[in-house]
A.B. asks: 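Below is a structure I'd like to ask you about.
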Amino acid sequence: MPFASLGLSPALVHAAEKAGFVAPTPIQAGAIPSILQGADLLGAAQTGSGKTAAFALPLLQQLQLSATQGPGGPRRVRALVLVPTRELAAQVGEVLRSLAQHLQQPLKVAIVFGGVSINPQMLGLRGGADIVVATPGRLLDLVEHNALRLSAVAHLVLDEADRLLDLGFAEELQRVLALLPAQRQNLFFSATFPAAVQALADGLLKNPVRVEVPHTPGNEPAIEQRAIAVDASRRTQLLRHLVKEHNWSRVLVFVATQYAAEHVAEKLYKAGIFASPFHGGLSQGARNQVLQEFKDERWQVVVTTDLAARGIDIAQLPAVVNYDLPRSAVDYVHRIGRTGRAGESGMAVSFVTADAEAHFRLIEKRQHLALPREQIAGFEPTETPAPPSSTDPQGTGGIKGKRPSKKDKLRAAAAAAATESPAAAHKKGS
Ligand code: AMP
């Protein structure tokens, strides 16, 4: 199905072609016609599905078609895209700008986020903007400074709504929503739908068209997942070995703390691998620079915390490595989703130390995975996983997301009863 059949104008079909899009992805094919008709939309889709263009293309078309004059005065904003992180704001804003450059009449896209000086953003908003891409906190600051007005917003996009709530933006979000006119189009995208996200969607959307990108092997990127058993103290050496062995052009390495990001990156750098840390402790300028240089392939390895796990789109990332395991199964999915982007294949390697074995088993269970523990010659582990203790029968170490579920408790009780009862034990053994 070509882009032209979705109802997009020739200029935007051309813009999609110029962006290198040959055919619409499933979320684009499902969402674009409905958005063009003005419907509210509930999109269940991950980053990597093509969801940015799924809302960007029809949004630009509607703004192009609608009158350029209207209520709200010179500081008015016609479309608002709310995103959870600064990086995603920059990324989504750039996609909008690069698609918009093919339009006959220029549309102004302003990108605003916290962590940098507010003054240039205030200057950039002079005369209003057709589209503002914003993180909620900075957007409210700008409203308070009277740098923009939200009373003329005709289109609202919530991108990565689950992440917005995860990051504690619920209150800011409500304050922003209260500033918007009641009559508007709402486009809501989220990868997951826990109760709070669903409630937000229910409160916001009017008769939404639902577009779900099913997780079938056909449209899921091919991510080869591997688990390598290794001693904690040998992980940096193993990482060096893998980078060289696979000749990865770029690899994103996840660690647990900002300190570890600095430490591991430094060790790799000293060993002759171009590695840089990337984490929330760096200034916004430094973060932007590292990300851009990584995209430009000037860094081979970026060592990061979960800051980079969601939302960041780096095309053709061949590999991610969990040097430290993520805290939860959901974080695992987001981390490995940084590779295998838009149908390309990728490799996700998890280092499983003896201490982390029980935790990884739990992640596997939640993800319905059962990965063999590989051993790499020269890096065979010498430490063995600790047996489960009586205070921690699941051997989870009390880490977040490791509490036994009700089902786990019932199973444990049944297993205990079975070992106490000779008849049950016999039955089990027979
Ligand atoms: P997103 O899910 O919006 O973060 O997009 C993920 C990646 O897919 C980006 O690198 C886009 O440039 C790319 N992409 C989006 N739409 C298409 C398409 N129709 N064909 C090929 N690549 C696409």
Side-chain angles (χ1 to χ4, degrees), residues 1-9 12-33 35-36 41-61 81-102 109 111 131 133 157-164 187-192 211-215 218-223 249-250 252 291-292 294-297 308-318 320 333-346:
M1 181 205 292
F3 271 98
S5 67
L6 302 178
L8 290 169
S9 67
L12 285 162
V13 171
H14 177 68
E17 274 167 16
K18 283 283 174 195
F21 306 164
V22 179
T25 64
I27 185 100
Q28 291 162 0
I32 290 173
I35 299 177
L36 286 175
L41 184 105
L42 182 73
Q46 311 256 1
T47 299
S49 58
K51 69 180 165 62
T52 314
F55 66 77
L57 288 165
L59 199 59
L60 291 168
Q61 178 150 332
V81 183
L82 284 176
V83 296
T85 62
R86 303 151 186 193
E87 284 75 18
L88 193 59
Q91 195 171 296
V92 168
E94 284 313 320
V95 170
L96 282 160
R97 278 181 184 163
S98 77
L99 293 172
Q101 70 187 353
H102 300 283
V109 180
I111 304 169
I131 306 177
V133 184
V157 181
L158 281 197
D159 195 12
E160 303 209 352
D162 50 355
R163 184 75 168 141
L164 273 163
L187 310 175
F188 189 104
F189 291 88
S190 192
T192 58
V211 181
E212 221 162 304
V213 181
H215 294 263
N219 62 24
E220 242 169 36
I223 301 175
S249 56
R250 279 173 308 163
L252 192 58
L291 206 56
Q292 193 53 51
F294 193 41
K295 286 183 181 179
D296 296 342
E297 304 202 9
R310 293 200 196 200
I312 307 302
D313 178 38
I314 301 160
Q316 292 166 331
L317 197 54
V320 299
V333 174
H334 283 289
R335 284 185 180 188
I336 72 167
R338 300 306 97 208
T339 181
R341 317 282 295 143
E344 294 143 15
S345 63

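The residues of the chain are indexed from 1 along the displayed sequence. Each ligand, and each atom within it, is numbered from 1 in the order the structure gives.
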A.B. asks: Any nitrogen or oxygen of Gln91 lying under 3.5 Å from a nitrogen or oxygen in ligand 1? Just yes or no.
C.D. replies: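 Looking only at distances, the answer is no, because the N/O contact criterion of under 3.5 Å is not met.
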A.B. asks: Between the candidates Gly50, Ala16, Ala23, which shows the shortest non-hydrogen contact distance to atom 20 (N) of ligand 1?
C.D. replies: Ala23
A.B. asks: Quick one: look at Phe3 and ligand 1, take heavy-atom pairs under 4.0 Å, and tell me if it's side chain, backbone, both or neither.
C.D. replies: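 Side chain only.
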A.B. asks: Should the ring pair His102 and His14 be called parallel, tilted or perpendicular, given that the plane angle runs from 0 to 90° and is split at 30 and 60?
C.D. replies: perpendicular
A.B. asks: Where the side chain of Ser190 meets the backbone of Glu160, is there a donor-acceptor pair that is under 3.5 Å apart?
C.D. replies: no
A.B. asks: Counting heavy atoms only, which of Leu88, Thr25, Thr52 comes nearest to atom 3 (O) of ligand 1?
C.D. replies: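 Heavy atom nearest to atom 3 (O) of ligand 1 belongs to Thr52.
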A.B. asks: Would you confirm whether Thr52, through its side chain, and Val92, through its main-chain N or O, come within 3.5 Å as a donor-acceptor pair?
C.D. replies: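 A pair under 3.5 Å: no.
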A.B. asks: Using 0.5 Å steps for rounding, measure from the CG atom of Asp159 to the NZ atom of Lys51.
C.D. replies: 3.5 Å
